Amino acid sequence: ALSAWGEESGGQLPEGEDFVAVAADGDHNLALRENGTVAEWNIYSGILTVPPSVTSVTVIAIDAGAGHSLALTSDGTVVAWDTSGAMMPLPEELSDLTFTAIAAGGNASGGITGGLIKVWDTIHTDNLPETGSFAAIAMGSDFGLAIEVPEPSTMLVLLGGLAVMSVRSIRARSRRI
């Protein structure tokens, strides 16, 4: 079951015991169920309707940003929508890429495709790493953080649904984007 705390306690929580991931931002929340479906709610309206393009696919990762949400589907597609349920298409140059990780931030969104970092909805890309092999990403309001895997032989191990890496073989890079 989900638990919430703090101001307004996150609003009306979806029912169930089968949640595997959660994401929260200032005004809305997401939860991912074992079966790949997404629940969305906020402190003002309670349970929100997730757009059909999200409910018709199997989702493997979620993130909530300022006024928007991201879902990574089992085929590597990124689906984005705003808190009113309107779809937010990725820029055309990113729409056909296969992603392995996603992140929603305050003023930007990002993901990893082919080991490279791609960001959108931001003007701050001058420090974006153009080389490397990245395995995880997080986005803030005006910056990003990624874990770089410097050795091509580093292996990701799936353990209970979580990707686990050797701590010796990773390093983090943080750059203002």
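Just so it is clear, the model here is predicted, and its values are computed rather than measured. The basis for the numbers below is simple: all heavy atoms, side chains too, and nothing from hydrogens, waters or symmetry mates.
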Chemist: Quick one: CG on L145 to CD1 on I117, what's the gap to the nearest 0.5 Å?
Modeler: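 Interatomic distance, L145 CG to I117 CD1, rounded to 0.5 Å: 9.0 Å.
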Chemist: Rounded to the nearest 0.5 Å, how far apart are CG of L13 and CG of N29?
Modeler: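 Taking CG in L13 and CG in N29, the distance rounds to 8.0 Å.
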Chemist: Restricting to non-hydrogen atoms, name the atom on G85 and the atom on P51 that form the minimum distance, rounded to 0.1 Å.
Modeler: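 Nearest heavy atoms, G85 then P51: O-CG, 3.4 Å.
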Chemist: How close do A103 and L70 get, heavy atom to heavy atom, and via which atoms?
Modeler: O-CD1, 3.2 Å
Chemist: Examine L30 and V59 and state if one hydrophobic cluster contains both, with Ile, Leu, Val, Met, Phe, Trp and Tyr joined whenever side-chain heavy atoms are less than 4.5 Å apart.
Modeler: yes
Chemist: I need the L32 CG to T37 OG1 distance, nearest 0.5 Å.
Modeler: 7.0 Å
Chemist: Heavy atoms only: give me the nearest A104-G65 pair and the separation to one decimal.
Modeler: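 So the minimum-distance heavy-atom pair works out to CB-N, 3.4 Å.
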Chemist: Report yes if some heavy atom in the side chain of S69 is under 4.5 Å from a heavy atom in the side chain of I62; otherwise report no.
Modeler: no
Chemist: Identify whether L128 and M139 are in the same connected component of the hydrophobic contact network (ILVMFWY, side-chain heavy atoms under 4.5 Å).
Modeler: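 They do share one cluster, since a chain of ILVMFWY contacts under 4.5 Å joins L128 to M139.
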Chemist: According to side-chain hydrogen bond (donor to acceptor under 3.5 Å, both in side chains), does anything in residues 47-68 pair up with another residue at least two apart or in another chain? List the pairs.
Modeler: H68-S109
Chemist: In the single-linkage hydrophobic clustering (I, L, V, M, F, W, Y; side-chain heavy atoms under 4.5 Å), do L94 and I102 co-cluster?
Modeler: yes
Chemist: Could you go through L90 and F99, starting from their C-alpha distance and side-chain angles, then the distance that decides it, and tell me whether this counts as side-chain contact (heavy atoms from CB on, under 4.5 Å)?
Modeler: CA-CA 12 Å; L90 266 62; F99 287 83; 4.1 Å; yes
Chemist: Can you list the residues that meet the salt bridge (Lys or Arg N to Asp or Glu O under 4.0 Å) rule with D82, with sequence neighbours excluded?
Modeler: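 By the salt bridge (Lys or Arg N to Asp or Glu O under 4.0 Å) rule, D82 matches no residue at all.
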Chemist: Applying side-chain contact (heavy atoms from CB on, under 4.5 Å), name anything that partners I60, two or more places apart in sequence or on another chain.
Modeler: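 side-chain contact (heavy atoms from CB on, under 4.5 Å) list for I60, sorted by chain: L72, S74.
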Chemist: Output a table of donor-acceptor pairs, distance under 3.5 Å, between side-chain atoms of residues 16-27 and any protein atom two or more places apart or on a different chain; print 'none' if there are none.
Modeler:
{"from": "E17", "atom 1": "OE1", "to": "A1", "atom 2": "N", "distance (Å)": "3.1"}
{"from": "D18", "atom 1": "OD1", "to": "R33", "atom 2": "NH1", "distance (Å)": "2.7"}
{"from": "D25", "atom 1": "OD2", "to": "A66", "atom 2": "N", "distance (Å)": "3.3"}

Chemist: Do the side chains of W81 and V57 join up, straight or via other hydrophobic residues, at under 4.5 Å, putting them in one cluster?
Modeler: yes
Chemist: Looking at CG of L48 and OG1 of T83, how far apart are the two atoms once the value is rounded to the nearest 0.5 Å?
Modeler: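 Reported to 0.5 Å precision, the distance equals 8.0 Å.
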Chemist: Considering residues at least two apart in sequence or located in another chain, which fulfil the side-chain contact (heavy atoms from CB on, under 4.5 Å) criterion with D75?
Modeler: T73, T77
Chemist: Is it true that W120 and L97 fall in one hydrophobic cluster, defined by side-chain heavy atoms closer than 4.5 Å?
Modeler: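 W120 and L97: one cluster.
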Chemist: Does anything in residues 89-111 form a salt bridge (Lys or Arg N to Asp or Glu O under 4.0 Å)? List the pairs, not counting sequence neighbours.
Modeler: none
Chemist: At their closest point, which heavy atom of V54 faces which heavy atom of A71, and how far apart are they?
Modeler: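 Closest heavy-atom pair between V54 and A71: CG1-CB, 4.5 Å.
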